[in-house]
Amino acid sequence: MAVVPASLSGQDVGSFAYLTIKDRIPQILTKVIDTLHRHKSEFFEKHGEEGVEAEKKAISLLSKLRNELQTDKPIIPLVEKFVDTDIWNQYLEYQQSLLNESDGKSRWFYSPWLFVECYMYRRIHEAIIQSPPIDYFDVFKESKEQNFYESQESVIALCTHLQQLIKTIEDLNENQLKDEFFKLLQISLWGNKCDLSLSGGENSSQKTDVLNSLEDLKPFILLNDMEHLWSLLSNCKKTREKASVTRVYIVLDNSGFELVTDLILANFLLSSELATEVHFYGKTIPWFVSDTTIHDFNWLIEQVKHGNHKWMSKCGADWEEYVEMGKWVYHDHIFWTLPHEYCAMPQVAPDLYAELQKAHLILFKGDLNYRKLTGDRKWEFSVPFHQALNGFHPAPLCTIRTLKAEIQVGLKPGQGEQLMASEPCWWTSGKYGIFQYDGPL
Ligand SMILES: O=P(O)(O)OC[C@@]1(O)O[C@H](CO)[C@@H](O)[C@@H]1O
Ligand SMILES: [Mn+2]
């Protein structure tokens, strides 16, 4: 096994991980408790007294969780039976086995940040499933929907752009098609600024005209492997036999505006014939506030379809048809909401790894995917991406991410140090973005 650096963790006082565990996560928990409070009458209307009792139970479990976190108590096993409970508890034991402290207990601030942050969202889910009849409730649904509604103007602008583009797509030459592909890739990149976990669950919608901002945002793309994506897909298109397929997989991140940008890109991939199938991977349970579940995916397509704008509703109707025809396929897998680094996928979820191996290209959206791809470790800035992937190479892949965690690999020698000196928050503010590719060139 190759030597890998230590994990990011809350042990490093003042680090982004430390501040997330100390401030952002408790703030998110408080918002979740408040959301449950605000839905009390709805629970009563739906389930009577039983609903109110369930709400009280969930709140008490979540308050206990917040207390455990804030007083740095040991991480305790999950108790409620669910599809992934055993895997989680095995992982907890594994984390404990790594400790050499005298009591050998994993704690919030002393364990790897990736692990405890994932564990927090899994415990929120546990509190909900332990509280029937409200065990179906998505505590983040409201924020995700609000993010979508508040991005309406940008959504309309993007849908209009796409529909105009499709009208003339057959007349475009290679270079024009490539330019359009690059535009939509960049829109999908900047769409990742809109996650709700970084903002502590506060609104983070898209209000500016992202299409017209692309040129101004270019200097903030630190690594730009878009050319590799074009070569790969345009080559697939040229060499593809009739009736054969090109599969692009998108490992989704946030619902709301970011998901719209991903679907616009996916639509373009089909319309330009750069791909013949797009497969989406979402989360099985509510995750990191804004991450996409199957409900969010279906809800958003429905909203776009019923949008009060010609081109918006055209997009929604087309998207529904792609799903019906199997040109777009949505999948979920419990692995995406486990705490494991992606290099553990072949052992932990061999079925998923085998599926990913069928892709011609996998796009990983967002910051959390980047953390899991690189193991959320303290890599040197100039370590090659291929090395940081630590053996995870199911298919050619590209990460599309705005930087929101203290981790970045594959930079030119001195580049990270220079950014650090001039702009200490460069890697946590979401201001910079990357397209980082790994695969045959
Ligand atoms: O994956 P996403 O949606 O781009 O970002 C998730 C995120 O906001 O959550 C963590 C903070 O809680 C950070 O690692 C990361 O920036
Ligand atoms: Mn997210």
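Start at 1 and go down the list; that is how both ligands and their atoms are numbered. Residue numbers count from 1 along this sequence.
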Asker: Check whether the side chains of H39 and E142 place a donor and an acceptor atom closer than 3.5 Å, and report yes or no.
Answerer: yes
Asker: Go through ligand 1 atom by atom and flag the ones less than 4.0 Å from a non-hydrogen atom of F288.
Answerer: 9 (O)
Asker: Using the six-membered ring wherever Trp is involved, compare the ring planes of F297 and Y330 and label them parallel, tilted or perpendicular (cut-offs 30° and 60°).
Answerer: tilted
Asker: Does either side chain, that of Y353 or that of Q347, offer a donor lying less than 3.5 Å from an acceptor on the other one?
Answerer: no
Asker: Hey, does R107 have a side-chain heavy atom less than 4.5 Å from the side chain of K73?
Answerer: no
Asker: Would you call the rings of W230 and F181 parallel, tilted or perpendicular, taking 30° and 60° as the class edges?
Answerer: tilted
Asker: Between Y342 and N369, is any side-chain donor less than 3.5 angstrom from a side-chain acceptor?
Answerer: yes
Asker: What atoms of ligand 1 come within less than 4.0 Å of a heavy atom belonging to L368?
Answerer: 1 (O), 2 (P)
Asker: Enumerate the atoms of ligand 1 whose separation from the nearest heavy atom of R371 is less than 4.0 angstrom.
Answerer: 10 (C), 13 (C), 14 (O)
Asker: Report the part of T20 (side chain from C-beta onward, or backbone N, CA, C, O) that has a heavy atom under 4.0 Å from ligand 1; answer both or neither where that applies.
Answerer: side chain
Asker: When you compare the side chains of T85 and N89, does any donor N or O come within less than 3.5 Å of an acceptor on the partner?
Answerer: no
Asker: Is the ring pair W319/W328 parallel, tilted or perpendicular, if the boundaries are 30 and 60 degrees?
Answerer: tilted
Asker: Which is closest to atom 2 (P) of ligand 1 by heavy-atom distance: D253, I400, I25?
Answerer: D253
Asker: Could a heavy atom of K365 be found less than 4.0 Å from some atom of ligand 1?
Answerer: no
Asker: Mark up the atoms of ligand 1 that fall under 4.0 Å of a heavy atom belonging to N192, in ascending order.
Answerer: 4 (O)
Asker: May I ask you to check if any N/O/S atom from D291 comes under 2.8 Å of the Mn ion (ligand 2)?
Answerer: yes
Asker: Has S290 got an N/O/S atom less than 2.8 Å from the Mn ion (ligand 2)?
Answerer: no
Asker: At under 4.0 Å between heavy atoms, which part of N254 makes contact with ligand 1: side chain, backbone, both or neither?
Answerer: side chain
Asker: Should the proximity of E117 to ligand 1, defined as any heavy atom under 4.0 Å, be assigned to the side chain, the backbone, both, or neither?
Answerer: side chain
Asker: If I take every N, O or S atom of D253, is at least one of them less than 2.8 Å from the Mn ion (ligand 2)?
Answerer: yes
Asker: Looking only at side-chain N and O atoms, does D332 offer a donor or acceptor that is under 3.5 Å from a partner on T284?
Answerer: no
Asker: Hey, which atoms in ligand 1 end up nearer than 4.0 Å to a heavy atom of D367?
Answerer: 1 (O), 2 (P), 4 (O), 5 (O), 13 (C), 14 (O), 15 (C), 16 (O)
Asker: Taking atom types as modelled, find out whether Y121 and E117 have a side-chain donor-acceptor pair closer than 3.5 angstrom.
Answerer: no
Asker: Is it true that W113 lies under 4.0 Å from ligand 1, counting heavy atoms only?
Answerer: yes
Asker: Which option wins on minimum heavy-atom distance to atom 13 (C) of ligand 1: K404, R24, E406?
Answerer: K404
